[in-house]
Amino acid sequence: MSTGTHRRADQDRLDNLHASLSKEFEAQTTRLTELTADTGDPGEAHTRQALIATTRQSIEQIAGALRRVAEGTYGVCERCGGEIPAERLEILPHARFCVPCQQKQAR
């Protein structure tokens, strides 16, 4: 494959990723809106608050990934600057770190 073909394939992959992340961002935002609507049931308050926190975290992670795509830094480890493998990004599209750096971060 020529360099131009590789660039086009990479751009197509990023465009598809951007569209997918944008859809997920919209879905999570809608979910957050629904979760924050008061159901009036105090028994569900704790569960609802946990779901709200998880949804907000997802929105932040997706927004971060979208920002990195826009900045051209998507797929670059924020700790070592190395490339995050495509396989990892397929599984975890909002990954900010390569696996070794993520393991160090978790410690």
Are any non-hydrogen side-chain atoms of Gln49 and Ile52 less than 4.5 angstrom apart? yes
Is the backbone of His94 close enough, under 3.5 Å, to the side chain of Arg68 for a donor and an acceptor to pair up by distance? yes
Correct closest heavy-atom pair for Cys98 and Cys77 would be N-SG, 3.4 Å
Is any NZ, NE, NH1 or NH2 atom of the basic residue among Arg56 and Glu60 found under 4.0 Å from an Asp or Glu carboxylate oxygen of the other? no
Rounded to the nearest 0.5 angstrom, the CZ-CD distance for Arg48 and Glu34 is 13.0 Å
Co-membership, hydrophobic cluster, residues Ile59 and Leu51, 4.5 Å side-chain: yes
Hey, does the side chain of Ser58 reach the backbone of Thr54 with a donor-acceptor pair shorter than 3.5 angstrom? yes
Return the CD to NZ distance between Glu26 and Lys23, rounded to the nearest 0.5 Å. 9.0 Å
Hey, mind stepping through Ser22 and His18 against side chain to side chain contact (heavy atoms under 4.5 Å, CB included) and telling me if it holds? CA-CA 6 Å; Ser22 294; His18 187 273; 3.5 Å; yes
Side-chain touch Arg88/Val99, heavy atoms, less than 4.5 angstrom: yes
Are Ile84 and Ile62 grouped together when hydrophobic residues (ILVMFWY) are joined by side-chain heavy atoms under 4.5 angstrom apart? yes
With clusters defined by side-chain heavy atoms of hydrophobic residues (ILVMFWY) lying less than 4.5 Å apart, directly or transitively, does Leu32 cluster with Phe25? yes
Tell me whether Leu17 is reachable from Leu66 by hopping between hydrophobic residues (I, L, V, M, F, W, Y) whose side-chain heavy atoms are closer than 4.5 Å. yes
Is the side chain of Ser20 donor-acceptor paired with the backbone N or O of Asn16 at a distance under 3.5 Å, no angle test? no
Heavy-atom donor-acceptor pair, Arg31 side chain to Ala27 backbone, under 3.5 Å: no
How long is the gap from OG1 on Thr33 to CD on Gln28, to the nearest 0.5 Å? 11.0 Å
Taking a hydrophobic cluster as the set of Ile, Leu, Val, Met, Phe, Trp and Tyr residues connected by side-chain heavy atoms closer than 4.5 Å, whether directly or through intermediates, do Leu14 and Leu21 fall within one such cluster? yes
